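Beneath this line is the structure, given in structure tokens, with notes to follow.
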Amino acid sequence: MDRVLLRRDGGDVVAADCAPDGTPGPATRLPADDLPAWVAAREGGGAVRWVWDDTTRWYPALLDAGVRVERCTDLRLTGALLRRSPLADPALLAGGDAAGWVALEPRTGGDPALFPLEDPADRLDPAAELRRQSAALAASAHGGRLGLLAAAESSGALAAAEMTWAGLPWRADEHARLLTGLLGDRPPAGLRPPVLERLAGEVRAALRAPDLNPDSPAAVLRALQTAGLPVEDTRSWTLERIEHPVVPPLLEYKRLARLLAANGWAWLDTWVRDGRFRPVFLPGGVVTGRWASHGGGALSVPVQVRPAAVADDGWSLVVADVAQLEPRVLAGMSRDAALAEAARDRDLYAGMVAAGVVATRAEAKVGVLGALYGGTRGESGRMMPRLARRYPRAIGLVEDAARAGERGAVVQTLLGRGSPLPGAAWAERLADLGEAPEPGGRDSDRARRAWGRFTRNFVVQGTGAEWALCWLADLRNRLWRLGEGSVHQRPHLVFFLHDEVVVHTPADLADRVAGEVRAAAATAGRLLFGGFPLDFPLDVAVVRSWADAG
DNA sequence: AATAATCGCGCC
DNA sequence: AAAGGGCGCGATTATT
């Protein structure tokens with residue numbers, strides 16, 4: 001596989017083929033405007049992996065010019081991976097401008113210009129970084145796994161850029177109709193919509209607090225306590241347990257106020273342009289390897305507004321998600337044949353009931369979630385001994401991860417992503433818990449266990465993210481092969497959230513897309529777990545609107 | 001007046 | 001019915 005390193009130099013781009021150790025060969029210099037055509041020509045001439053500092057700094061402009069690339073190495077992302085991996089030698093990654101690479105932030109602004117002023121990336125030397133990373137991969141005893149992870153992470157960066165570029169089809173008129181139906185007509189700025197105003201009145205009347213601002217949790221709490229209600233906070237699930245006339249209107253107020261604040265008319269104005277919602281996806285944005293996002297709250301698009309996500313005329317959405325990804329991944333990474341057997345069918349929890357491990361599906365779910373998250377109390381705590389007896393390898397793996405975290409050790413995912421050191425993070429955690437660090441004290445024990453729950457979940461959540469990355473990467477290439485033309489003319493990814501994808505496709509290709517989604521899932525399972533027999537059943541729906549899926 | 005922390009809630 | 005892990009975001013409140 002040819003590797004071509006791209007770097008900016010003044011207003012030009014310098015491109016050079018690289019030796020296996022990362023050393024660049026003879027270079028080609030070309031004006032930035034000529035880059036897309038040059039990349040397209042090279043891309044059409046055979047397999048090539050583009051190496052660049054950061055996908056967010058290169059790919060949007062290529063996409064604007066109609067150029068799609070098959071694969072890349074995103075040095076920012078792969079450097080972050082390698083520098084925290086227990087499978088790579090830190091000494092080989094140190095020196096030079098390594099600190100600058102660690103500090104490098106992705107570009108999340110809308111300006112796709114190739115050469116922003118004063119970009120810290122321009123002070124970094126990508127050739128030197130590529131040599132360091134190549135050396136670290138070559139020296140690793142598990143270079144295969146790490147290399148797969150690096151490739152998957154970089155492929156995710158391409159998919160993320162393409163998703164932002166294409167955007168999720170969004171019907172502002174549908175969304176506005178939905179808002180008006182629930183909230184009443186859009187009010188002038190600074191006023192409540194009619195339905196919220198009416199509910200606020202009911203809340204004030206029920207609490208005999210005529211000046212109450214229902215948007216202020218502190219004020220609501222005081223008013224509730226003045227009315228003699230035994231509450232310490234104003235969370236919905238707290239209120240639901242209270243018998244009082246204020247509860248129904250207050251809960252309704254909170255539900256609709258939330259919709260207004262998070263996905264109301266202001267959200268539409270800010271985030272929907274030309275029929276598309278374009279969040280910025282940030283691969284590797286979460287320490288576990290999950291993606292983060294920026295803009296519009298893309299990680300929590302409420303079910304309530306999904307009716308507004310509608311395919312273009314003549315197009316369909318293919319919505320797919322994996323059932324119970326994390327326990328399946330746990331079965332695979334621990335090679336727990338009994339848990340894999342329970343996961344053989346569509347519903348892992350039902351499989352556990354069928355195997356006689358637990359009596360009910362609810363018990364299975366509570367027990368598994370407790371194992372993944374570290375639940376110790378109540379129902380999930382009671383399930384653990386039974387799970388540990390029947391699934392010793394799976395439960396052993398997460399228990400070991402928890403113990404390692406409690407000791408302050410680093411844990412890793414299947415492909416070698418390392419957990420953060422509990423140094424600075426530990427202090428933050430303590431602060432989050434409202435505790436002072438007292439070595440040896442009870443408070444510090446609590447923080448230690450909290451860190452253990454984090455590392456317990458890290459190995460599973462992180463490996464789940466790796467499965468999803470491989471799924472996404474393979475699917476991206478399969479979709480490309482289904483059509484003709486540029487990205488938005490072919491079936492293409494428009495949304496990704498941990499274990500769910502949405503593909504926008506010409507309607508006549510939708511069934512083939514559904515098949516590729518399943519095929520990609522099978523590929524991901526083989527990549528991560530080889531021949532270990534493990535199913536990843538998908539729910540796949542071909543729909544007009546996102547809301548019609550599931 | 002601007003920034004930071006907190007609360008609460010949406011998603012997986 | 002939540003718990004236990006991971007997020008982003010807006011309104012309010014506290015701090016500088």
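Lettering follows sequence order; numbering is per chain, from 1. This is a predicted model, so every value here is computed, not measured.
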* Asked: Does the dC12(B) base have a donor-acceptor partner in the side chain of Arg290(A) within less than 3.5 Å?
  -> yes
* Distance below 4.0 Å between Ser236(A) side-chain N/O and dC9(B) OP1 or OP2 -> yes
* To do: For the side chain of Ala261(A), starting at C-beta, report the closest nucleotide among dG4(C), dG10(C), dG8(B).
  => dG10(C)
* Asked: Nearest to the side chain of Asn213(A) - dG6(C), dA3(C), dT12(C)?
  -> dT12(C)
* Asked: Within this structure, what is the NZ-to-P distance between Lys365(A) and dG4(C), rounded to whole angstrom?
  -> 17 Å
* Where the side chain of Ala292(A) is concerned, which of dG8(B), dG8(C), dT13(C) is the nearest nucleotide? -> dG8(C)
* For Phe496(A), which of Trp471(A), Phe281(A), Trp291(A) qualifies under ring pair (Phe, Tyr, Trp, His ring centres under 6.0 Å)? -> Trp291(A)
* May I ask you to say what Gly297(A) touches in the nucleic acid, namely base, sugar-phosphate or nothing, with a heavy-atom cut-off under 4.0 Å? => sugar-phosphate
* To do: Check for a donor-acceptor pair, side chain of Arg335(A) on one end and backbone N or O of Phe529(A) on the other, with a separation under 3.5 Å.
  => yes
* To do: Indicate whether any N or O donor in one side chain lies under 3.5 Å from an N or O acceptor in the other, for Glu162(A) and Tyr59(A).
  => yes
* Asked: Between the side chains of Gln324(A) and Asp347(A), is a donor N or O closer than 3.5 angstrom to an acceptor N or O?
  -> yes
* To do: Choose from dG6(C), dC11(B), dA2(C) the nucleotide whose nearest atom is closest to any side-chain atom of Leu497(A).
  => dC11(B)
* Check the distance between dG4(C)'s P and Leu372(A)'s CG and give it to me in whole angstrom. => 15 Å
* **Rounded distance (Å) that lies between atom P of dA3(C) and atom CZ of Arg449(A)** => 18 Å
* Would you call Arg222(A) and Glu232(A) a salt bridge, using N to O less than 4.0 angstrom? -> no
* Nearest to the side chain of Val286(A), which nucleotide is it out of dC7(C), dG8(C), dT12(C)? -> dC7(C)
* Asked: Atom CG of Leu256(A) to atom C1' of dC9(B): distance rounded to whole Å?
  -> 14 Å
* Asked: Between dT13(C), dG6(C), dG10(B), which nucleotide has the shortest distance from any of its atoms to the side chain of Pro302(A)?
  -> dG10(B)
* **Any donor-acceptor N/O pair under 3.5 Å between dC9(B) base and Arg258(A) side chain** => yes
* Nearest listed nucleotide, side chain of Arg306(A), among dG8(C), dC11(B), dA11(C) -> dC11(B)
* To do: Taking Thr455(A) for its side chain and Ala401(A) for its backbone only, find out whether a donor-acceptor pair lies under 3.5 Å.
  => yes
* Return the nearest nucleotide to the side chain of Tyr373(A); candidates are dT12(C), dG4(C), dG8(C). => dG4(C)
* May I ask you to decide if Gln461(A)'s main-chain N or O and His498(A)'s side chain share a donor-acceptor pair within less than 3.5 Å? => no
* Would you mind reading off the distance between Leu239(A) atom CG and dG8(B) atom C1', rounded to a whole angstrom? => 11 Å
* Counting heavy atoms from C-beta on, name the nucleotide in dC7(B), dG5(C), dG8(C) closest to the side chain of Pro217(A). => dC7(B)
* Should Lys254(A) be listed as having a side-chain N or O under 4.0 Å from OP1 or OP2 of dG8(B)? -> no
* Asked: Starting at the 5' end of DNA chain C and moving along, which residue's nearest nucleotide shows up first, Arg235(A) or Gly285(A)?
  -> Arg235(A)
* Asked: Just to confirm, is there a sub-4.0 Å distance from OP1 or OP2 of dC7(C) to any side-chain nitrogen or oxygen of Ser293(A)?
  -> no
* Structure fact -> Winner on side-chain proximity to Val366(A), out of dT12(C), dA3(C), dC12(B), is dA3(C)
* To do: Could you tell me whether Gly296(A) contacts a base, only the sugar-phosphate backbone, or nothing, with contacts defined as non-hydrogen atoms closer than 4.0 Å?
  => sugar-phosphate
* Once you round it to whole Å, what is the distance between C1' of dG8(B) and CH2 of Trp237(A)? -> 13 Å
* To do: Specify the separation, in whole Å, of atom CG of Leu299(A) and atom P of dC9(C).
  => 9 Å
* Asked: In whole Å, what is the span from the CD1 atom of Ile242(A) to the P atom of dA1(C)?
  -> 15 Å
* Asked: Which residue lies toward the 5' end of DNA chain C, Arg192(A) or Leu369(A), if each is placed at its nearest nucleotide?
  -> Leu369(A)
* Classify the nucleic acid contact of Asp321(A) as base, sugar-phosphate or nothing, counting any heavy atom under 4.0 Å across all strands shown. => nothing
* Asked: Should Ser216(A) be listed as having a side-chain N or O under 4.0 Å from OP1 or OP2 of dT13(C)?
  -> yes
